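Quick notes on the structure that follows.
Note that this is a predicted model, so its numbers are computed, not measured.
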Amino acid sequence: MSTIKISEQIAFLRKQKGLTQEELANILGVTNQAVSKWETGENLPDAGILLELADILNTTTDKILSAGNLILRKTKRV
């Protein structure tokens with residue numbers, strides 16, 4: 001999945017939740033510039049923040065990282 005699609009997903013979910021970039025940043029303890037960079041695709045959230053971000057946005061890390069498309073995988077049995 002491309003960084004751009006992930007960034008669009010983060011922005012979409014934040015807006016759906018009714019949060020500004022600054023409000024989300026304050027909740028997560030990061031700068032609003034960090035949130036802006038996530039949403040423009042310049043950077044991605046650190047793994048340590050990703051779980052909390054998903055929780056705040058009422059979603060899963062899988063949905064954020066797959067840009068809203070859940071990827072089903074077949075497991076191989078040995």
Pairwise distance [atom1]([X]) to [atom2]([Y]) - rounded to 0.5 angstrom:
X: Q9; Y: E39; atom1: CD; atom2: CD; answer: 11.0 Å
X: T61; Y: L51; atom1: OG1; atom2: CG; answer: 6.0 Å
X: E23; Y: N32; atom1: CD; atom2: CG; answer: 11.0 Å
X: I64; Y: S7; atom1: CD1; atom2: OG; answer: 12.0 Å
X: L13; Y: L24; atom1: CG; atom2: CG; answer: 10.5 Å
X: L65; Y: L44; atom1: CG; atom2: CG; answer: 8.0 Å

Point to revise | Close side-chain approach of I27 and L19, heavy atoms under 4.5 Å | key: yes
Exercise for review: Taking the side chain as every heavy atom from C-beta outward, state whether F12 and L57 have any pair of such atoms under 4.5 Å apart.
Suggested key: no
Check your understanding: Counting only N and O atoms by type, is there a donor-acceptor contact under 3.5 Å from the side chain of T40 to the main-chain atoms of S36?
Key -> yes
Practice item. Specify the closest pair of heavy atoms between L53 and P45, including all atoms of both residues, with the distance to one decimal. Key: CD2-CG, 3.8 Å
Exercise for review: Kindly give the heavy-atom pair with the smallest separation between A54 and T60, and that separation in Å.
Suggested key: CB-C, 3.7 Å
